[in-house]
Amino acid sequence: WQKCHAGGWPSEQSNPQYPWQCIKPDTDCRAERKEANFAPSFGKETLRTTAVTPQFEQNVDYVDFIHLNVLEKKVLNNSEVSVQYLCSKPCIINLEAVASSEFRTGVPVYRRRWKDEKNLYVSRTRQVHLKFPSIMVYRDDYIIRNSIIVHSVILYAWLSHKSVSSYDVEQNEDYQDAVAKNYTFLEAVPPFERPYKDHKVCLQWGADYLWMLQANRIPQCPHESDGVQILNFIYASSGEKTGIVKKFEQFENRELETVRQHQIDYPMFTVSIWLYLHHHCEKDLCGILYFIDPKEMYSTPAVFLNEEGYVHIQMHLMRGDDLAVKTSFSLPLKQWFRLDLSFKGGQVLSTVGKNLKRHHHQSFIFREDFYYDDTAGYFVLGGSGYVNGIEAFFGPVKYYRLNVLETEQISNPLHDKETVEQIELYYERCMDIQEIVYEYRYIVRQGEKALRNCKCYYENYYLELIYKYGEKSKCDAFMWGKELREKYHTLFKLLQEMDFSAPDENGSDTVLEVGRRIFEKVAKGLSSADGLSNMGSSVPLLVDSSCCGYHKASYFLAVIFETGLGVSVDRTKGLLYSLVGAQGNERLAVMNLGYKHYQGINSYPLDLELSYAYYSNIAIKTSLDQHTIKGEQAFVETIRLMDDELLKAQTKENGDVFMWLKHEATRGNAAAQQRLAQMLFWGQQGVAKNPEAAIEWYAKGAIETEDPVLIYDYAIVLFKGQGVKKNTKLALELMKKAAAKGLPQAVNGLGWYYHNFKRDYRKAAEHWLIAEELGNPDASYNLGVLYLDGIYPGVPGRNQTVAARYFYKAAQGGHIEGTLRCSLYYITGNMEDFPRDPEKAVIWAKHIAEKNGYLGHVIRKALNAYLELSWYVCYVLFKFIFYFSLSL
């Protein structure tokens, strides 16, 4: 009744717990009371309603309540909420929004509270505008960078009886213990359906333009599957200690990740590999596919090829042992086939076939299950620092991480069928050509042998002179059929012009020698002014040279067909000869493929792991080539053709710069002796490489001028016997002498002596620590080797982490081997300090590969042609150099 007196009426949406209502609201309440004493009723509200409860006393007990009414139940900024409540005592009303996302649950994102102590026993309504964090209600923009995906938002409301004085004190009211409470759900808005926020700020023009370029792009979440295409493009494996490195992360899909973790001790996976095998392994085992764990040990699976062509499969068992099996069948040569391997628990199924036809099938059962966690380590296709790769072309490679599939169920087709067929046709032709060369040489040699054994040869002086000075023997009476002679008429014509009378040490080099001669003849023709006009007749000869194993010709063909140099552009043939040249270890061809996959140009897919496989191959060769004084090598220098000063500094043995240096060196100028020796030893500044002459200047300077650098350089060549007889005793005296003069590299050299000759690692470390403090990168690298090998004095066991830090420091100083180590760490991601970064790995390997001495020789020839104004030769050579993007 007091409710009526107050003039307020419960709304139609009142909580059914509170059924009291006044009769005839348009009538005076007190007058109505005279007519009847009524009680709350669940029936029809009339005067005739039968009372179901006793009459009220003078003081009626009121029950507190709170209701929420949201106009639009979505997580929006300024969402309007109507809060209706009733307090029987002074109270505090609380409003709180709690959000949950993928990463966190139960996070308060909005809170508000107010007190009400005057409006007792009265139903009150208050409008509240909700304010949420911007990352929940707006799209990403230039300022809001990481909006979150909200799964659910619950809006809680409750009231509690509090004194007025307690309101200003921090309260931790418990929703569960509240006098009255209520809640409702708010629907989350997907990030790309949200509006942009008006920040009311003006961005700089550049920032605003960059943002507008990507403002309306909605990234698509790819469908995640356990099937992974490890390799899509053909990879030319040359049998070196380099290969493709792949690392797998945990599944983003929680269900898939749960299955993967459950299968660690009972693995179920399938690998399908397309191969075109050239040779079986020459010695021991060659890598096909294997897994390296975080401790740099072989794990499950490890698949190799042996000398007889059988597949060697090694598995890591649950208890820690390793067991291996060998297939009863060998892999075929010179044809494309697919090798499918399925692993289930302790069972291995191996299948070799083509076009879904099985040629060989074999299963193995191990005595216990395998251990397999494909996220703890990395996969390798081909070679690595631990094993040589197979000599083959890898086709598509498919990996099913969670399933065991039959051959018919595996989806791993050969996509580029045209290139695949071209490879098969090329090697079929090459087999014919090599057989013709062998047989032709054999026939000519047999004829010469018969002539020498002929009695008349010794009795007739005239015949003897003809044999000595006359035309050399050739085979006119062909044993080959007309069809074969017409097919290879250019080759037969060239063979007739060649001299096979010179003895060779190894008959197996004959074919390669023929290929070299053919190439030199073609290169000479191309150097003429009308060389390009005759390209059509030169191409068949280059193909013959390539088939003979001389893969400079393969690279030439790749450039010719891909750039249309004198012929029509043919991308398929360009790719064919690039792959053939790379498989044959031609450095320019390998560099070309590395660059194409690094940039993703000319229909070559962007593939950093594949690019690294090629670049690391040449980078390793660069390190080895530097220790070889033989071969056509030159120092790779940065020379801009527009830089006149640098071009003027280029010289030859008869050039003014060289002659002046020689004059000063003869007079005893130590700086001139240093520069002259370096130019001759490394082939720098246009001077031909001449280690023997360089060593003479090293010796002269070391004895006459006592220059520490010359003393050190002379000591090194004496230690290693490069171009001079080894003399360890004299080398040690000279090294100590240079070190006493404070030369950092000489101090490092003494450490190298104690390490390699005396096996005194304590003294070696002492010298290397001193040299490192003096800034010598060689010393940093050597200290890393001590830690890596576990022989650092006073430190038990190997410490790869410390070793890697020293290697990185050496790499920062330009050390080639240190840079190679760091690039390996970046591609594998197996070191804590080197998170996996394939792009950085490629950049570091590329940097070293472009310092290769054989590449420097080609660049030098082109630069010399430019300086000699031989424009046509210069154009052709630079065309071949720029094809793999070296900057000059």
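Computed from heavy atoms alone, side chains included, the values below leave out hydrogens, waters and symmetry copies.
- No side-chain heavy atom of Asn830 sits less than 4.5 Å from a side-chain heavy atom of Tyr825.
- Distance check: Tyr378 OH to Ser299 OG gives 12.0 Å after rounding to the nearest 0.5 Å.
- No donor-acceptor pair closer than 3.5 Å links the side chain of Gln422 to the backbone N or O of Lys573.
- Taking the six-membered ring wherever Trp is involved, the centroid distance between the rings of Tyr577 and Phe556 does not fall below 6.0 Å.
- With hydrogens and angles ignored, the 3.5 Å screen pairs no side-chain donor or acceptor of Ser623 with any backbone N or O of Ile620.
- Between Ile390 and Leu275, some side-chain heavy-atom pair lies under the 4.5 Å cut-off.
- Pairing each heavy atom of Leu788 with each of Gln800, the nearest pair is CD1-CG, 3.9 Å.
- Counting heavy atoms of neighbouring residues, nucleotides and ligands inside a 6.0 Å radius, atom CD of Gln335 exceeds 12 of them.
- Salt bridge status for Lys596 with Glu562: present, with a side-chain N to carboxylate O gap under 4.0 Å.
- In this structure, CG on Asp340 lies 9.5 Å from CD on Glu408, to the nearest 0.5 angstrom.
- In this structure, Ala376 and Phe291 approach most closely via the heavy-atom pair O-CE2, 3.4 Å.
- Without hydrogens or angle criteria, Ser611 side chain to Gly594 main chain gives a donor-acceptor distance under 3.5 Å.
- In terms of modelled atom types and a separation under 3.5 Å, the side chain of Gln250 and the main chain of Glu257 share no donor-acceptor contact.
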message: side chain to side chain contact (heavy atoms under 4.5 Å, CB included), that's the test. Do Val569 and Thr563 meet it? Break it down for me.
response: CA-CA 6 Å; Val569 173; Thr563 62; over 6 Å; no
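- Looking at heavy atoms from C-beta onward, Val311 lies out of side-chain contact with Val352 at the 4.5 angstrom threshold.
- In this structure, cysteines Cys430 and Cys548 have SG atoms that are not closer than 2.5 angstrom.
- Checked for salt-bridge contact, Asp321 and Arg319 meet the test: a charged N lies under 4.0 Å from a carboxylate O.
- Minimum interatomic distance between Ala302 and Tyr290 (heavy atoms only, all atoms of both residues): CA-CB, 3.7 Å.
- Donor-acceptor pairing under 3.5 Å is lacking for the side chains of His597 and Asp607.
- The main-chain N or O of Gly515 is found under 3.5 Å from a side-chain atom of Ser545 such that the two form a donor-acceptor pair.
- To the nearest 0.5 Å, atom CZ of residue Arg798 and atom NZ of residue Lys295 are 12.0 Å apart.
- With a 4.5 Å cut-off on side-chain heavy atoms, Tyr427 and Tyr276 count as touching.
- In this structure a side-chain-to-backbone donor-acceptor pair under 3.5 Å is missing from Arg338 to Trp274.
- When each of Tyr595, Tyr235, Phe233 is checked for a ring-ring contact (aromatic ring centres under 6.0 Å, His included) with Tyr614, only Tyr235 meets the rule.
- Under the 4.0 Å criterion applied to side-chain N and carboxylate O atoms, Lys283 and Glu307 are not assigned as salt-bridge partners.
- Ring geometry for His312 against Phe304 counts as tilted: the plane angle lies between 30° and 60°, on a 0 to 90° scale.
- A donor-acceptor pair shorter than 3.5 Å cannot be found between the side chains of Glu850 and Tyr615.
- Around the CE atom of Met297, the shell of radius 6.0 Å holds no more than 12 heavy atoms that belong to other residues, nucleotides or ligands.
- Using a 4.5 Å cut-off on side-chain heavy atoms (C-beta onward), Tyr298 and Ile292 make contact.
- Using a 4.5 Å cut-off on side-chain heavy atoms (C-beta onward), Val511 and Tyr550 make no contact.
- Under the rule for a ring pair (Phe, Tyr, Trp, His ring centres under 6.0 Å), His551 has no partner lying at least two apart in sequence or in another chain.
- Here the closest heavy-atom approach between residue Leu414 and residue Pro396 is recorded as CD2-CD, 3.5 Å.
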query: Should Ile518 and Val514 be marked as a side chain to side chain contact (heavy atoms under 4.5 Å, CB included) after you check the CA-CA gap, both sets of side-chain angles, and the distance that decides it?
result: CA-CA 6 Å; Ile518 295 174; Val514 169; 3.8 Å; yes
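- With respect to Glu240 and Lys621, a salt bridge is recorded, a charged nitrogen being found less than 4.0 Å from a carboxylate O.
- Between atom CG of residue Asn412 and atom CD of residue Gln229 there is a gap of 5.5 Å, rounded to the nearest 0.5 Å.
- For the atom pair CG of Leu256 and CD of Gln261, the computed distance is 11.5 Å after rounding to the nearest 0.5 Å.
- Judged by a 6.0 Å distance limit and a 45° cone about the ring axis, Arg401 is not positioned over the six-membered ring of Tyr372.
- Side-chain contact check for Ser328 versus Gln362: some heavy-atom pair is nearer than 4.5 Å.
- Looking at Ser578, its side chain does come within 3.5 Å of a backbone N or O of Gly574 through a donor-acceptor pair.
- The existence of a salt bridge linking Asp226 and Arg260 is excluded, since no basic side-chain nitrogen approaches an acidic carboxylate oxygen closer than 4.0 Å.
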field: Worked check of side chain to side chain contact (heavy atoms under 4.5 Å, CB included) between Ile423 and Ile234
entry: CA-CA 11 Å; Ile423 288 174; Ile234 297 175; 4.1 Å; yes
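- For the pair Glu586 (side chain) and Tyr555 (backbone), a donor-acceptor distance under 3.5 Å is absent.
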- request: Apply side chain to side chain contact (heavy atoms under 4.5 Å, CB included) to Asp544 and Arg429, showing your working.
  value: CA-CA 9 Å; Asp544 294 341; Arg429 175 189 173 94; 3.0 Å; yes
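- Proximity of Tyr371 to Ile264: side-chain heavy atoms (C-beta onward) are separated by under 4.5 Å at one or more points.
- With Ser342 contributing its side chain and Leu405 its backbone, the two residues share a donor-acceptor pair below 3.5 Å.
- Between Ser823 and Ala845, the closest heavy-atom pair is CB-N, 4.1 Å.
- In this structure, CD1 in Ile288 is found 9.5 Å from SG in Cys281, a value given to the nearest 0.5 Å.
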message: Applying salt bridge (charged side-chain N to carboxylate O under 4.0 Å, His left out) to Lys344 and Asp369, what does each step give before you reach the verdict?
response: CA-CA 8 Å; Lys344 182 179 181 181; Asp369 294 342; over 6 Å; no
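- In this structure, Gln409 places its CD atom where more than 12 heavy-atom neighbours from other residues, nucleotides or ligands lie under 6.0 Å away.
- Arg587 places no side-chain N or O within 3.5 Å of a backbone atom of Ala849 that could act as its donor or acceptor partner.
- Between Arg821 and Glu817 there is no salt bridge, since no side-chain N of the basic residue sits under 4.0 Å from a carboxylate O of the acidic one.
- Annotation for Leu824 and Tyr612: closest pair CA-OH, 3.5 Å, computed over non-hydrogen atoms.
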